[in-house]
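Reviewing the structure listed below.
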Amino acid sequence: MSGATDSDSSTNLRTAEASAEVLQTANDFADICKNISEKQNEQSELNVKVLEKLQAIQNDLNEIKIKLKDDTIFVRDRKTDSIISKSFVMKQIFENVLEVENEKWFNGKLEEHFGVQW
């Protein structure tokens, strides 16, 4: 019967080793899950910061749009991917055109559009 006892001991040893390996694998898996959860939390915090910055940019753009309401504003239409614009018109009235000398330049009144003198 000593053969059966040796066989039982060998089987018990292999079972114990297999159990220890399974336990180690489970612990490693738990560590990986914990790390993934921490990374997800960090990413969520970054997403909140990005959203806050985007909102601030949107607010700034809205303020600029209000300031430029009389000038051309270019906006991309997301549905058609086309550019929509609003523009300004400059009008000058010249008098006595027939009396103007050839190749002589004249400047009209300055107007401000887009923060630039035209």
Side-chain angles (χ1 to χ4, degrees):
M1 288 220 176
S2 77
T5 307
D6 288 340
S7 176
D8 290 341
S9 293
S10 177
T11 301
N12 288 339
L13 180 59
R14 281 184 287 183
T15 302
E17 288 173 350
S19 295
E21 188 176 330
V22 168
L23 183 60
Q24 183 60 46
T25 302
N27 287 336
D28 292 345
F29 183 73
D31 289 342
I32 290 170
C33 290
K34 181 180 176 186
N35 287 337
I36 290 172
S37 177
E38 289 171 357
K39 294 296 181 188
Q40 286 176 330
N41 289 338
E42 290 173 11
Q43 189 63 47
S44 293
E45 291 173 9
L46 288 174
N47 288 346
V48 168
K49 289 179 183 179
V50 168
L51 287 173
E52 289 171 351
K53 287 182 181 183
L54 286 173
Q55 185 61 46
I57 291 169
Q58 181 65 48
N59 292 341
D60 290 344
L61 288 174
N62 287 339
E63 288 179 24
I64 291 169
K65 186 176 178 181
I66 290 169
K67 290 178 186 176
L68 297 176
K69 69 180 178 182
D70 294 330
D71 297 335
T72 300
I73 299 171
F74 296 97
V75 179
R76 181 170 300 279
D77 185 339
R78 293 180 184 167
K79 293 178 184 173
T80 63
D81 200 35
S82 61
I83 304 259
I84 302 167
S85 67
K86 176 183 173 189
S87 41
F88 65 92
V89 175
M90 292 182 60
K91 182 177 180 181
Q92 297 289 322
I93 298 175
F94 295 91
E95 297 176 0
N96 303 323
V97 174
L98 296 176
E99 297 175 12
V100 175
E101 298 175 22
N102 285 339
E103 298 184 21
K104 186 170 184 181
W105 288 85
F106 294 90
N107 293 320
K109 295 178 182 176
L110 291 176
E111 294 182 22
E112 185 174 326
H113 298 278
F114 307 111
V116 176
Q117 295 288 325
W118 298 80

_Approximate separation, where rounding is to 0.5 Å, of Glu38 CD and Ile36 CD1_ = 10.5 Å

_How close do Glu111 and Met90 get, counting heavy atoms only, and between which atoms?_
OE1-CG, 3.6 Å

*Decide yes or no for Arg14 and Thr11: does some side-chain heavy atom of the first lie under 4.5 Å from some side-chain heavy atom of the second?*
yes

_ILVMFWY clustering at 4.5 Å (side-chain atoms), partners of Leu46_ = none

*Within-4.5 Å side-chain heavy-atom neighbours: Lys39 and Glu42*: yes

*Hey, what do you get for NZ (Lys109) to CD1 (Ile93), rounding to the nearest 0.5 Å?*
9.0 Å

*Between Ser37 (side chain) and Cys33 (backbone), is there a donor-acceptor pair under 3.5 Å?*
no

*Does a side chain donor of either Asn41 or Glu45 reach within less than 3.5 Å of an acceptor in the other side chain?*
no

Give the table of side-chain donor-acceptor pairs shorter than 3.5 Å for residues 21-29, with sequence neighbours excluded, one pair per line with atom names and distance.
unit_1	atom_1	unit_2	atom_2	d
Gln24	NE2	Asp28	OD1	2.8
Thr25	OG1	Glu21	O	2.9
Asn27	ND2	Leu23	O	3.4

